[in-house]
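Residue numbering restarts at 1 for every chain, and letters A, B, ... go by the order of the sequence lines. A quick note: this is a predicted structure, and the numbers were derived from the prediction, not measured.
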2 protein chains.
Amino acid sequence: MPKPPTMKDVAAAAGVALKTVSRHVNGATNIDPALAARIAAAITELGYRHNLAAASIRPGRSAKVIGLVISDLANPYWSLLARSVERTLSANGYLLMTVSSEEDADRHRLLIDRLLAQRVDGLIVSPPRRDTTAWAAAAAPLLPVVAIDRPALSAPPPPAPVQDARATREDQPLSLAEPPAPSRTDDDLHTDADVDAMRRQHPPLVDTILADNAGGAQAATRELLRHGARRILFLGDSLELYTMRERHAGFLRALASAAPEGADFSVATAHTAAEAADVVTALLGTGRIDAVFAANNRASVGAVDAFTRVGARLPLIGFDDFEAATLVRPGVSVVAQDVALMGEAAAQAVLARLAGDTPPPATTTLPTRLILRGSELP
Amino acid sequence: MPKPPTMKDVAAAAGVALKTVSRHVNGATNIDPALAARIAAAITELGYRHNLAAASIRPGRSAKVIGLVISDLANPYWSLLARSVERTLSANGYLLMTVSSEEDADRHRLLIDRLLAQRVDGLIVSPPRRDTTAWAAAAAPLLPVVAIDRPALSAPPPPAPVQDARATREDQPLSLAEPPAPSRTDDDLHTDADVDAMRRQHPPLVDTILADNAGGAQAATRELLRHGARRILFLGDSLELYTMRERHAGFLRALASAAPEGADFSVATAHTAAEAADVVTALLGTGRIDAVFAANNRASVGAVDAFTRVGARLPLIGFDDFEAATLVRPGVSVVAQDVALMGEAAAQAVLARLAGDTPPPATTTLPTRLILRGSELP
């Protein structure tokens with residue numbers, strides 16, 4: 001077998017400096033296109049292969065791959081986020097390995113292990129539903145880790161003191177209507193609330209990029225109240241999810257500060273758009289609700305689907321913009337996250353650490369934007 | 001530094017067979033959950049790391065990573081396809097590295113090189129817009145390669161004989177209306193048509209999973225004609241794309257076989273939903289078109305957006321199902337691809353070759369399904 005061609009052979013064939021070939025094969029995108037074309041032609045002609053897998057096991061060398069653990073690539077929120085991360089990394093010569101945890105903690109841990117075993121250079125992780133420090137404790141000492149969409153817990157949750165939990169409840173002047181499809185007990189809620197409170201008092205374990213979930217939900221709820229809503233349905237995924245708890249907290253905060261006497265609310269859980277549509281269909285016309293705050297894009301799609309099916313609608317604001325929002329009449333008002341910016345910020349945070357930056361881990365909270373399109377009106 | 005823990009240490013700590021630990025760390029999902037939990041706990045406790053990157057450079061060992069090159073992860077068609085590939089691979093212990101070529105041939109080649117350099121075990125590739133054999137010639141001898149959504153060209157395109165091209169044109173009894181937004185010359189079309197014809201006569205270079213693009217487009221167009229459409233707009237992405245050419249061919253075939261005397265059509269190109277909306281908005285009310293065949297999900301969304309904006313609609317059928325299709329009234333009729341099946345078939349084709357199967361490369365064409373929801377009616 002003939003000796004495989006080297007980077008030097010490529011440089012000679014392309015008539016460029018060895019350094020330029022090296023930058024090209026390492027994925028730099030800021031190379032003169034004419035030179036890049038010559039290098040690419042020489043690589044193809046000679047059959048040159050740059051062995052990054054071998055390079056990655058030499059100390060100090062990098063495979064130039066970042067791992068991304070998200071919830072589910074089939075959800076447009078996550079695919080747009082993944083695309084944004086990919087775009088920023090790719091412009092800096094990194095490949096992205098994306099995996100979906102499906103919100104399963106065991107699968108999440110297995111995927112982190114697999115990515116670490118692949119010797120990725122860094123990890124961007126959306127922490128699992130039931131947060132534990134195990135994955136972060138394992139990964140963070142080895143390589144840069146960034147938490148995205150949800151924080152990584154900085155300490156194990158303390159036992160929930162029931163008394164404290166009740167004190168928290170007293171801050172809410174509103175009665176808790178029976179949720180139409182309850183998925184958990186009150187005790188769980190209080191435990192999570194305590195964990196969230198504790199989380200806010202501790203520095204983050206790793207760099208963290210979040211959206212202002214509570215603020216966005218509060219603005220949306222206040223807008224529904226302003227237009228006369230008195231029995232708002234909070235429709236979202238499980239409150240085991242950090243983002244859902246934050247949005248729920250913002251929802252309650254708006255009710256506590258802006259709801260008139262006699263106002264009430266309900267909470268319903270739906271993981272898929274179809275489940276959300278079923279909940280709204282069942283409640284429409286019962287008089288039990290007079291507006292919907294859809295706490296994620298699946299819930300919004302389900303609510304619109306129910307309105308379309310039944311031929312009746314209620315005032316609606318959703319969290320997360322989605323494609324169909326501008327296609328239906330009235331257009332669906334939303335709390336929009338800047339998904340592109342979140343992906344870019346996460347990628348930049350990993351790249352900064354890879355470049356040698358070593359500040360203490362920080363949390364970046366990105367603002368949300370209330371976009372009114374008409375669906376908030378009665 | 002203490003010696004890092006071995007797989008044997010994990011087996012001892014978990015009280016299971018070494019073989020079970022090996023299967024677990026290699027990603028097998030069919031392990032007794034109780035055993036898997038004990039192994040996972042032991043791995044976390046001992047800080048064991050299974051070094052797949054190192055394993056991958058030993059002959060006969062596998063990194064258990066498949067590369068997937070798609071067009072754009074931000075398009076729901078591609079993200080659903082990627083998710084389906086990921087699901088099948090993951091159930092078989094493989095990770096997926098997904099990259100977006102953005103239909104750029106140079107970027108496509110660079111990404112293939114990067115994935116090969118990573119020593120992926122196999123590649124699933126949506127060939128670039130301007131197909132060349134270079135990437136397949138480089139990759140296919142080294143590892144299993146599967147073409148998805150579009151075929152890999154089996155030979156370089158011959159020069160387009162102008163006479164033959166004219167002969168092809170005569171098969172079409174209809175006048176070619178001026179396209180509202182032409183993006184290419186007639187000569188390009190003929191060259192592509194010749195290439196497609198040649199492609200069909202040659203065996204595929206690699207295993208190939210396609211949808212029945214022409215058949216689906218033909219069925220949709222025939223349905224529009226059946227309801228009285230006489231001036232149908234073909235609205236899609238560049239005809240440089242194989243799928244678009246196939247859908248265009250099916251569109252023309254339906255017109256040739258089913259259109260009455262005096263029927264006409266137009267072709268407009270739009271890459272994004274916004275571009276598609278602009279084209280339809282400009283044409284609505286001019287009388288130049290009386291129905292729309294939207295050749296992909298971006299075009300469908302754009303058409304619906306234009307209808308909503310203008311407050312008028314035309315009969316519409318789109319290629320590819322999309323989330324908003326059931327949320328608007330009338331619901332958007334579509335030619336649905338089985339995206340989940342396509343992803344699964346591609347993953348299974350790679351896995352079969354990795355398992356040692358060596359039949360000649362074959363093309364699998366998946367059927368499409370016409371789903372009528374009302375938008376096809378005048």
Side-chain angles (χ1 to χ4, degrees), chain A residues 24-25 27 33 36-37 40 43-44 47 49-57 63-65 72-74 76 78-80 82-84 86-87 90 95-100 106-107 109-111 113-119 134 137-138 142 273 301 304-305 308 322-324 326-329 331, chain B residues 24-25 27 33 36-37 40 43-44 47 49-54 56-57 63-65 72-76 78-80 82-84 86-87 90 95-100 106-107 109-111 113-119 134 137-138 142 273 301 304-305 308 322-324 326-329 331:
Chain A
H24 180 83
V25 298
I43 284 173
T44 303
R49 292 278 150 249
H50 185 54
N51 192 344
L52 284 169
S56 77
I57 65 158
K64 306 213 86 175
V65 176
D72 182 1
L73 196 57
W78 293 109
S79 59
L80 287 176
R83 184 72 185 90
S84 164
E86 186 200 350
R87 190 170 281 131
S90 153
L95 283 174
L96 182 65
M97 203 180 298
T98 305
V99 291
S100 303
D106 286 339
R107 183 169 162 74
R109 196 178 41 223
L110 176 66
L111 289 170
D113 281 345
R114 292 292 318 276
L115 290 169
L116 291 177
Q118 283 292 332
R119 301 256 179 139
L142 302 176
V301 166
V304 172
D305 188 23
T308 309
F322 61 109
E323 188 165 85
T326 57
L327 300 179
V328 295
R329 280 294 169 269
Chain B
H24 180 83
V25 298
I43 284 173
T44 303
R49 293 278 152 246
H50 184 55
N51 191 342
L52 285 168
S56 76
I57 65 157
K64 306 213 88 177
V65 176
D72 182 1
L73 196 57
N75 180 325
W78 293 109
S79 59
L80 287 175
R83 183 73 185 92
S84 164
E86 185 199 352
R87 189 170 280 129
S90 154
L95 284 174
L96 183 64
M97 203 181 295
T98 304
V99 292
S100 303
D106 286 339
R107 185 170 162 76
R109 196 178 41 221
L110 177 66
L111 290 169
D113 281 346
R114 292 291 320 273
L115 289 168
L116 291 177
Q118 284 291 333
R119 299 256 180 139
L142 302 176
V301 167
V304 172
D305 188 24
T308 310
F322 61 109
E323 187 164 85
T326 57
L327 300 178
V328 294
R329 280 294 170 271

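Scanning both residues, B/Leu95 and A/Met97, for their nearest heavy atoms gives CD1-SD, 3.8 Å.
The greatest number of non-hydrogen atom pairs below 4.5 Å with chain B, out of A/Leu80, A/Val304, A/Val301, A/Thr326, is found for A/Val301. Contact count versus chain A (heavy atoms, under 4.5 Å) is highest, among B/Glu86, B/Arg329, B/Arg87, for B/Glu86.
Of the atoms belonging to A/Ser100, heavy atoms from both backbone and side chain fall under 4.5 Å from chain B. If you measure heavy-atom distances from A/Asp305 to chain B, the contacts under 4.5 Å come from both the backbone and the side chain.
Residue A/Leu73 holds its CG atom at 6.5 Å from OG1 of B/Thr98, rounded to the nearest 0.5 Å.
In terms of modelled atom types and a separation under 3.5 Å, the side chain of A/Thr308 and the main chain of B/Leu327 share a donor-acceptor contact. Judged purely by atom type and a 3.5 angstrom limit, B/Glu323 has no side-chain atom pairing as donor or acceptor with the backbone of A/Glu323.
No side-chain donor from either of B/Ser79 and A/Arg83 sits under 3.5 Å from a side-chain acceptor of the other.
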